[in-house]
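In what follows, a single structure is set out as structure tokens and then discussed.
Hydrogens, waters and symmetry mates are skipped; everything else that's a heavy atom, side chains included, is used. Quick caveat, the model's predicted, so the values are computed rather than measured. To find a chain, count down the sequence lines: A is the first, B the second, and so on, and within it residues start at 1.
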There are 2 protein chains.
Amino acid sequence: MLLARRASPANFAIIYGMLGSAEDTMAGQFSNSMHSENCLTCKNRHADWFCNLSPQALSEYDALGMHMVVPSGSTLFFEGQAPRGISVLCAGHVKLTTSSKDGKTLLVRIAKPGDVLGLSAALLDTPYEITAQAIDPVQIKSFQRQDFLRFLERHIEGSMHAAKMLNDEYRNALNDAIRLALSASISGRVARLFLEMTAGHDHPNSHFTLSLTHENLASMLGTTRESVTRVLNEMKRKKIITIKGTLVTILRKDTLELLL
Amino acid sequence: MLLARRASPANFAIIYGMLGSAEDTMAGQFSNSMHSENCLTCKNRHADWFCNLSPQALSEYDALGMHMVVPSGSTLFFEGQAPRGISVLCAGHVKLTTSSKDGKTLLVRIAKPGDVLGLSAALLDTPYEITAQAIDPVQIKSFQRQDFLRFLERHIEGSMHAAKMLNDEYRNALNDAIRLALSASISGRVARLFLEMTAGHDHPNSHFTLSLTHENLASMLGTTRESVTRVLNEMKRKKIITIKGTLVTILRKDTLELLL
DNA sequence: ATAAGATTGTGATGGTCATCACGTCGGACT
DNA sequence: AGTCCGACGTGATGACCATCACAATCTTAT
């Protein structure tokens, strides 16, 4: 099994065992995943990932960062913490959330491979605005804040990619705000979310996989678990959608659009 | 009176008279405002504005863009339009909104001098995500999309500034989403907004100017004009805040924080 | 000064949804 | 098999707020 090189002293050591839940299941869980410790030979790199760089830049990038593996359930960083570094997600998914003091949580988004974590906090050098928790076994390439910023300053392609990433984050956050503000009813918010999911280039048309619990959905929609359950069942009852496992199919897109 | 050089053919001509309301009042309304047509000699430039550039970059920047003046009330661009260019705001304020088909509107933010308008749409080359309407007489420096992008690619300081601007937009949108999602009650959202306003570096402590109508506030808070009126009066009645004209004073910050 | 329009104030009413409470289901581990 | 635990389903109730309707101010134009 591929094990990550150790993190730079004190910088990322914290992330191991933060939640303590999954350490004992680490052995073997990466055994058959396709991944590489070397960005130059990495097969997973994709056109619109941050790490899609020219050979020279890529080799500097590779040398600068630390390859790491994080078990599912671990928290990479918490809202409010001082920024410790920047990570580019190579594999796995990370849940990004913010919470209020009374325990309510907003699920901001699920980060996918290619995304950059902690970019905003690092640029502003202010505390993390969100909490990042691995929901799969995750591989990341980690950088010291200053290393990463200097890399951006040296490589225009890097800073253009960073701008693209920030732009994506902006659009996503704006979408969240729009969904919450412009659809007063819960069914409207669900409809909007589902239409966004199909608009995204997942499946060609009217179905997509939704691996979120009702609790998670509620937390994206600013509502409660019970209300999500009710709305979803109502939609199924009215044959607007069907749900089989994690696969959601939209049967009547026009009806969904009426709910906005 | 300083008049803008004419816009490049067909590109910005549209913005004049879009709303048709203010053209006849243009004469004289800028007569005593401090501004310059030349970025190199412009006294208004500020450290964290986009146009805070090194002398070489600045002179290229100045040559590349078109200085323009837009009357209050005009719309610079509409949500859904193909991006026509990028503008850096030199003076005045611009209201940024999105709307749903049924007329509900989300006030995303009020752009201030130094902000870049249309950056996200230009980077992605997708339709504007928001509508931009001048609420003051506004001066802008306008660029063709390609010119601006090439400028960014040539000048690392430019792309770093662009990243900073996008980051600000991201943080702002995220804040909007948080306000809407984590504070269920209207009073909670008002409280959150007011605490944000004081946290911002306006006045040192517990008061700030609020030049928004109740209608505008409602549109930032995802609620109605009437509810805003009621909550504001309730807060005044309970001596949590006072409002004199546009000046809001927070009397009991702790009580506001309880409402979140 | 007066009219016209925008903004703010306020009551009444009905619907939507948060909350609480509990029941059901299905997978994981022993 | 049985237990445990997280996820899902569902009813009852009351609070909060959107909506409608209209009155009272405050602004601006002519």
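The phosphate of D:dG6 (OP1 or OP2) has no side-chain N or O of A:His214 nearer than 4.0 angstrom. In this model, the phosphate group of C:dA18 is approached by a side-chain N or O of A:Ser227 to a distance below 4.0 Å at OP1 or OP2. OP1 or OP2 of C:dA18 lies within a sub-4.0 Å distance of a side-chain N or O belonging to A:Thr223. Side-chain N/O atoms of B:Asn233 include none lying less than 4.0 angstrom from OP1 or OP2 on C:dT8.
Rounded to whole Å, the distance from CG on A:Leu182 to C1' on D:dA18 is 16 Å. If you take CG of A:Leu221 and C1' of C:dA18, they are 15 Å apart, rounded to a whole angstrom. Whole-Å rounding puts the B:Arg189 CZ to D:dC17 C1' distance at 10 Å. Between the CD atom of A:Glu226 and the C1' atom of D:dT13 there is a distance of 14 Å, given to the nearest Å. Computed from coordinates, the A:Leu232 CG to D:dG9 C1' distance equals 12 Å when rounded to whole Å. With rounding to whole Å, A:Glu215 atom CD is found 15 Å from D:dC5 atom C1'. Atom CE in A:Met235 sits roughly 14 Å away from atom P in D:dG9 (whole-Å rounding). Following rounding to the nearest Å, A:Ile186 (CD1) and C:dT19 (P) show an atom-to-atom distance of 11 Å.
A:Leu210 pairs with exactly one of A:Thr246, A:Leu217, A:Leu247 by the side-chain contact (heavy atoms from CB on, under 4.5 Å) rule, that one being A:Leu217.
Residue B:Arg230 places a side-chain atom within donor-acceptor reach of the base of D:dT19, judged by atom type and a 3.5 Å distance cut-off alone.
The distance from the CG atom of A:Leu96 to the CD atom of A:Glu129 is 8.5 Å, given to the nearest 0.5 Å. Distance check, rounded to the nearest 0.5 Å: CD1 of A:Ile130 to OG1 of A:Thr98 gives 8.0 Å.
When the nucleotides D:dC17, C:dT7, D:dA7 are ranked by their closest atom to the side chain of B:Thr213, C:dT7 comes out on top. Listed nucleotides D:dT19, D:dG9, C:dT8 differ in distance to A:Arg225; the shortest reach to its side chain belongs to D:dG9.
Between B:Phe194 and B:Phe208, the ring planes lie perpendicular to each other; the angle is over 60°, past the 30° to 60° tilted range.
Between B:Lys101 and A:Glu257, none of the side-chain N atoms (NZ, or NE/NH1/NH2) sits under 4.0 Å from a carboxylate O, so this pair counts as no salt bridge.
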